[in-house]
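Hydrogens, waters and symmetry mates are skipped; everything else that's a heavy atom, side chains included, is used. Predicted model only: the values in this text are computed from it and were never measured. All chains are named by letter (A, B, ...) in the order of the sequence lines, taking the proteins before the strands, and each is independently numbered beginning at 1.
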Amino acid sequence: MTVEIGLPYPYDFDRALARLAGNPVHAVDLDERLVRVPMDEGNLVSVQGTGTFGEPSFRISGLLDEKQLARVRWIFHFDEPLDGIAAHFADTDLAPIFAEHAGTPLVRSFSLYGELVKSIIHQQLNLSFANVLLMRFMELYGMQQDGVWRFPAPEQAARLTVAELRELQFSTRKAEYVIGLSQAVAEGRLDLESMRTKTDDEVTAELTALRGIGPWTAQGFLMFGLGRPNLFPTADIGLQNALKALWDLDRKPTQAEIRERFPDWSPYLSYAALYLWRSIETPAG
DNA sequence: TGCCAGGAATTGC
DNA sequence: GCAATTCATGGC
C-alpha cells in the first residue's frame, strides 16, 4: 500500500533526515530524500519527501494497513503543527536558533527500546565513539533486513553477559545497564508501550528507578522516543556547549543558569534543545 | 599529552 | 544531602 500525503504547515523534512542520518542505525538516503522504517509487523516502510519546506508532501510506501500509516504519521509528527513554535521564541535569546531551524520536527524513535539502548551507550561518550559501540552491538546482536537495522529483542539482549559486551569495549557499567534494561523489559517489569499514555513525571519516575537510567536518559526518552515537547536535559554537555557559544561565555553555563531561562522557553523546551543540538552538529548550519 | 566527551552510580564528608 | 570520584576509551 502506497499513500501520498500533504501537510498544511511548514515542515523541514530534509533537516529531519539530516538529523536521523547522524545515527548509523537509520537507513537514510539524503539524495533520494527518503528513510526506510522497520515496522513491528516485519515489513519496511519507505517515507520519501516529494514536496518543499512550505508545501510539504510525502510518498509513503510498503504499508500493510491503516494502522501502520497512523504509526508513521505519529513517528514523523505529521499531525502536530510546528508553525506556532518558532513564533514563541521570536523575542527570546533563542530567536537566531529558531530562525535557522524552524520547521524541523521532533521525529520519534522507530523503537522505544532501541532509544534507551542507544542512550545508555551514548552516556558520557563522544558521538563518534558512541556510534562505533552502537554499531558493534548491532552487528553482533541486531538484525539487518534489506539494509535496515533492527535492534535485538529485549529477550535476546537480556541473555547477554557483561563479558560479551566488554569485548565490544563497553565499560562494565554500560554492559550492566544495557543487560539490566533488557531484562526489565523482557520480564515485563518495564512496559515501554504504556509510557505513551503516561505523564512526563510518571515516565521519569519509572525509568529512573532502573539502574543506569538517570535524568538525562529519561529526558532523552521523553523527547526522542515519545516526542514530548517540553524537556531540556540540562546535564547534556552538547547543550551546555551550544549555550556557551550562543551566550558568548568563557565557560559552560551551570544547570541552574540554564533553568533560569525555562519560563521563557516553555512549553517548547524540547525544540529549544533539538535546535541547539543541531546548531553545533552541523557547522554549516 | 591531558582533557574532554549529547552521564550515572558510588563514595566521602 | 551534596560534592568529589570512578568508570573506559577514543577524539582532538
message: Closer than 4.0 angstrom, basic N to acidic O: yes or no for A:Glu176 and A:Arg173?
response: no
query: Taking the six-membered ring for Trp, are the ring centroids of A:Tyr11 and A:Phe76 within less than 6.0 Å of each other?
result: no
field: Pairwise P distance for B:dG6 and C:dC12, with rounding to whole Å
entry: 10 Å
- request: To the nearest Å, give me how far apart CG (A:Asn131) and P (B:dA5) are.
  value: 17 Å
query: Taking the side chain of A:Lys252 as heavy atoms from C-beta outward, which of C:dA8, C:dG10, B:dA5 is closest to it?
result: B:dA5
message: By the 4.0 Å heavy-atom rule, please label A:Ser119 as base, sugar-phosphate, or nothing.
response: nothing
message: Quick check on DNA chain C: between A:Val132 and A:Thr172, whose nearest nucleotide comes earlier from the 5' end?
response: A:Thr172
task: Using a 4.0 Å heavy-atom cut-off across all strands, classify A:Gln123 as base, sugar-phosphate, or nothing.
output: sugar-phosphate
Closest-nucleotide 5' rank along DNA chain B - winner of A:Phe224 and A:Thr208: A:Phe224
- request: Return no unless some side-chain N or O of A:Arg211 is found under 4.0 Å from OP1 or OP2 of B:dT10.
  value: yes
task: Classify the nucleic acid contact of A:Lys118 as base, sugar-phosphate or nothing, counting any heavy atom under 4.0 Å across all strands shown.
output: nothing
- prompt: For A:Leu134 and B:dA5, what is the distance between atoms CG and P respectively, to the nearest whole Å?
  reply: 21 Å
- prompt: Between atom CG in A:Leu127 and atom C1' in B:dA5, what is the gap in whole Å?
  reply: 8 Å
field: Nearest-Å distance once atom C1' is located in both B:dC4 and C:dT6
entry: 16 Å
field: Check: A:Gln169 side chain, C:dA8 base, donor-acceptor under 3.5 Å
entry: no
- prompt: Quick one: which of C:dG11, B:dG7, C:dT6 gets closest to the side chain of A:Asn126?
  reply: C:dG11
task: Using the C1' atoms only, state how far C:dG10 lies from B:dA9, rounded to an integer number of Å.
output: 22 Å
message: For A:His101 together with A:Tyr271, are the ring centres under 6.0 Å from each other?
response: no
statement: Whole-Å distance, A:Leu165 CG to C:dT9 P, equals 13 Å
- prompt: Quick one: A:Tyr177 OH to C:dA8 C1', roughly how many Å, whole number?
  reply: 12 Å
- request: In plain terms, say whether A:Arg15 and A:Glu100 are close enough for a salt bridge, that is, a side-chain N and a carboxylate O under 4.0 Å apart.
  value: yes
query: Would you call the rings of A:Phe13 and A:Phe58 parallel, tilted or perpendicular, where under 30° means parallel and over 60° means perpendicular?
result: perpendicular
message: Rounded to whole Å, please give me the gap between CG in A:Leu125 and P in C:dA8.
response: 11 Å
- prompt: Just checking A:Leu210: base, sugar-phosphate only, or nothing, at a heavy-atom cut-off of under 4.0 Å?
  reply: sugar-phosphate
message: At 4.0 Å (heavy atoms only), tell me whether A:Pro215 reaches a base, stays on the sugar-phosphate, or touches nothing.
response: sugar-phosphate
task: Give A:Phe170 one of three labels, base, sugar-phosphate or nothing, depending on what nucleic acid heavy atoms sit under 4.0 Å from its own.
output: nothing
query: Between C:dA8 and B:dT11, how far is it from one P atom to the other, in whole Å?
result: 14 Å
field: Nucleotide nearest A:Ile237 when distance is taken to its side chain, options C:dT9, C:dT6, B:dG6
entry: B:dG6
- prompt: Using the benzene-type ring in the case of Trp, are the ring centres of A:Phe98 and A:Tyr268 under 6.0 Å apart?
  reply: no
- prompt: Would you call A:Glu257 and A:Arg251 a salt bridge, using N to O less than 4.0 angstrom?
  reply: yes
- prompt: Below 4.0 angstrom from OP1 or OP2 of C:dT9, is there any side-chain N or O of A:Ser171?
  reply: no
- prompt: Nearest-Å distance, CD1 (A:Ile120) to C1' (B:dA8)?
  reply: 10 Å
- prompt: When you check the phosphate oxygens OP1 and OP2 of C:dT9, does a side-chain N or O of A:Arg166 lie under 4.0 Å from one of them?
  reply: yes
- request: Rounded off to whole Å, could you give me the CZ-to-C1' distance for the A:Phe221 and B:dG7 pair?
  value: 18 Å
query: Any side-chain N or O of A:Lys174 under 4.0 Å from OP1/OP2 of B:dA9?
result: no
- prompt: So what does A:Leu133 touch, heavy atoms closer than 4.0 Å: a base, only the sugar-phosphate, or nothing?
  reply: nothing
